[in-house]
Amino acid sequence: MDNISRAGLSIQMESKMTSNNQVHSLNYVHRLDVNSLTAGEHILNFAVATNAIGQWQHLPVRVFKGETNGCRVMITAGVHGDEQNGIMTAMKVAQRLVDQKIAGCVTIVPMINLTGILHHSRDFIAVDPDTSSSNLNRYFPGSAEGNEVERYLHSLWNNLLLPNADLAIDLHTQTTGTCYPLYIFADYRIEQSKAMAQLMNADVILNDPGEKGVLETAWNTHHVPSITVEVGSGRYYEAELVERAADGVMNILKSKHVIAGTAEVTASPLEGTKTISIKAKQGGFIEPQVTMMQEVEEGELLAIQYDALGIELSRYYAPESGTVLSHNLETLRAPGSLVVRLIK
Ligand SMILES: [Zn+2]
């Protein structure tokens with residue numbers, strides 16, 4: 001890689017500029033420093049790691065670099081490969097930023113988990129027989145000496161994400177087969193994370209200190225205020241939620257004066273500090289008896305479970321009062337699968 005490093009931007013092949021619209025297209029880079037880029041839009045492929053047959057895996061990246069200095073915002077999606085509303089939200093934000101006057105910089109990395117996205121898989125698909133396919137969002141910021149998953153994240157974190165962000169937004173959805181509203185995770189001990197969560201105009205915010213290995217936690221512990229945004233249900237496209245999530249991200253960009261306009265807090269989301277997950281006691285088909293955002297009392301019926309012949313197996317009741325944050329959409333439920341999640 002030595003022969004290709006130049007002034008913070010390592011370019012494997014010659015960069016070229018399209019003639020008409022000021023989009024600078026860099027074929028691929030091993031390291032990105034947005035501070036060294038010229039103003040305008042840049043489209044590039046970040047060579048994150050080699051695959052098992054020695055070819056580079058490329059993450060598509062779109063950078064909107066301002067004429068003037070300002071906040072550098074990093075927007076990521078696809079950490080879980082089955083969460084397409086997050087990816088679509090990142091795309092919608094990119095589309096809205098074309099021809100906007102930018103101060104600072106917005107970097108969009110919509111396909112973090114390449115192998116997972118290609119397989120409709122939540123997990124990163126490992127090829128090393130000694131490494132299990134893994135939930136990437138438990139291994140940030142990775143490790144240079146670790147397994148296949150940790151090395152992939154180490155390159156991503158050190159060469160693309162961390163050097164280029166003052167604020168970060170990570171876009172997700174609920175896992176395949178289950179639903180969420182527009183729902184934000186934020187650590188309220190960090191003032192800017194709390195402010196970003198409120199600017200999203202979401203349905204629900206969980207004030208949460210974060211978990212080790214989660215991208216949001218890695219950002220926060222490296223002093224880059226961050227939020228995680230859950231844009232509805234796993235796998236399937238929900239246009240209205242995607243538009244609302246894109247509106248929220250644009251609102252954050254306005255609040256940091258990255259784009260022109262007045263940021264507005266127009267929603268009064270339910271703000272919680274605790275979630276309660278009710279899991280399937282056994283396998284079987286589960287019919288939810290509640291709807292999203294429904295308030296339930298302790299002891300209220302949440303779901304009924306049947307075997308393959310329709311014979312009732314089990315009933316699930318609220319262990320305490322709360323609001324329904326998630327329930328199953330796929331009726332087929334293995335033992336331990338999520339039935340209902342409540343928030344308080
Ligand atoms: Zn996710």
Side-chain angles (χ1 to χ4, degrees), residues 48 59-60 74-93 108-126 132-142 149-150 152-153 156-157 161 168-187 193 196-197 200 202-220 226-238 241-242 244-246 248-249 272 275 277 279 292 325-330 336-338 340-341 343:
V48 58
L59 304 187
M74 180 67 68
I75 298 169
T76 52
V79 168
H80 293 131
D82 61 339
E83 300 182 352
Q84 295 181 19
N85 282 339
I87 293 169
M88 293 304 294
T89 301
M91 286 186 195
K92 296 286 178 187
V93 170
I108 299 176
V109 190
M111 310 272 167
I112 296 282
N113 179 1
L114 277 181
T115 58
I117 291 165
L118 291 171
H119 290 84
H120 297 290
S121 164
R122 174 176 173 80
D123 286 347
F124 174 96
I125 310 290
S132 301
S133 292
S134 303
N135 178 353
L136 285 185
N137 221 18
R138 296 296 178 272
Y139 293 95
F140 278 96
V149 174
E150 293 166 314
Y152 180 94
L153 291 184
L156 173 70
W157 178 254
L161 300 185
I169 302 167
D170 190 27
L171 300 165
H172 286 249
T173 71
Q174 176 57 306
T175 304
T176 294
T178 47
C179 57
Y180 269 151
L182 184 57
Y183 168 41
I184 316 296
F185 287 88
D187 184 343
S193 296
M196 281 197 286
M200 284 298 300
D203 300 308
V204 180
I205 303 171
L206 181 70
N207 170 13
D208 169 71
E211 199 176 323
K212 191 169 181 291
V214 172
L215 177 54
E216 178 196 341
T217 310
W219 284 123
N220 288 340
S226 163
I227 55 171
T228 302
V229 178
E230 304 282 355
V231 190
S233 306
R235 194 154 173 176
Y236 300 113
Y237 182 47
E238 292 164 300
L241 281 180
V242 166
R244 282 182 60 202
V249 173
T275 60
S277 295
K279 304 282 186 74
M292 185 116 67
L325 177 63
S326 181
H327 61 77
N328 64 303
L329 298 174
E330 287 183 351
S337 305
L338 185 69
V340 167
R341 181 165 294 148
I343 185 164

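FYI, side chains are in, hydrogens and waters are out, and symmetry mates aren't considered; it's all heavy atoms of this structure. First listed ligand is number 1; within each ligand, the first listed atom is number 1.
Applying the ring pair (Phe, Tyr, Trp, His ring centres under 6.0 Å) criterion to His327, with sequence neighbours excluded, gives no partner residue. Residues passing the ring pair (Phe, Tyr, Trp, His ring centres under 6.0 Å) test with Tyr180, sequence neighbours excluded: Tyr183.
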Pairs of donor and acceptor atoms involving the side chains of residues 226-233, under 3.5 Å and at least two apart or interchain, shall be tabulated with distances.
| from | atom 1 | to | atom 2 | distance (Å) |
| --- | --- | --- | --- | --- |
| Thr228 | OG1 | Glu216 | OE1 | 2.6 |
| Glu230 | OE1 | Thr173 | N | 3.4 |
| Ser233 | OG | Glu238 | OE2 | 3.2 |

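Of the residues listed (Leu171, Ile112, Val214), the one engaging Val79 in a side-chain contact (heavy atoms from CB on, under 4.5 Å) is Ile112, and it is the only one.
In this pair, Trp157 and Trp219 present their aromatic rings tilted. The plane angle is within the 30 to 60° band.
Here 4 is the count of protein N, O or S atoms positioned under 2.8 Å from the Zn ion (ligand 1), waters not counted.
Ion pair Glu83/Arg235 not flagged as a salt bridge, since none of the NZ, NE, NH1 or NH2 atoms sits closer than 4.0 Å to an Asp/Glu carboxylate oxygen.
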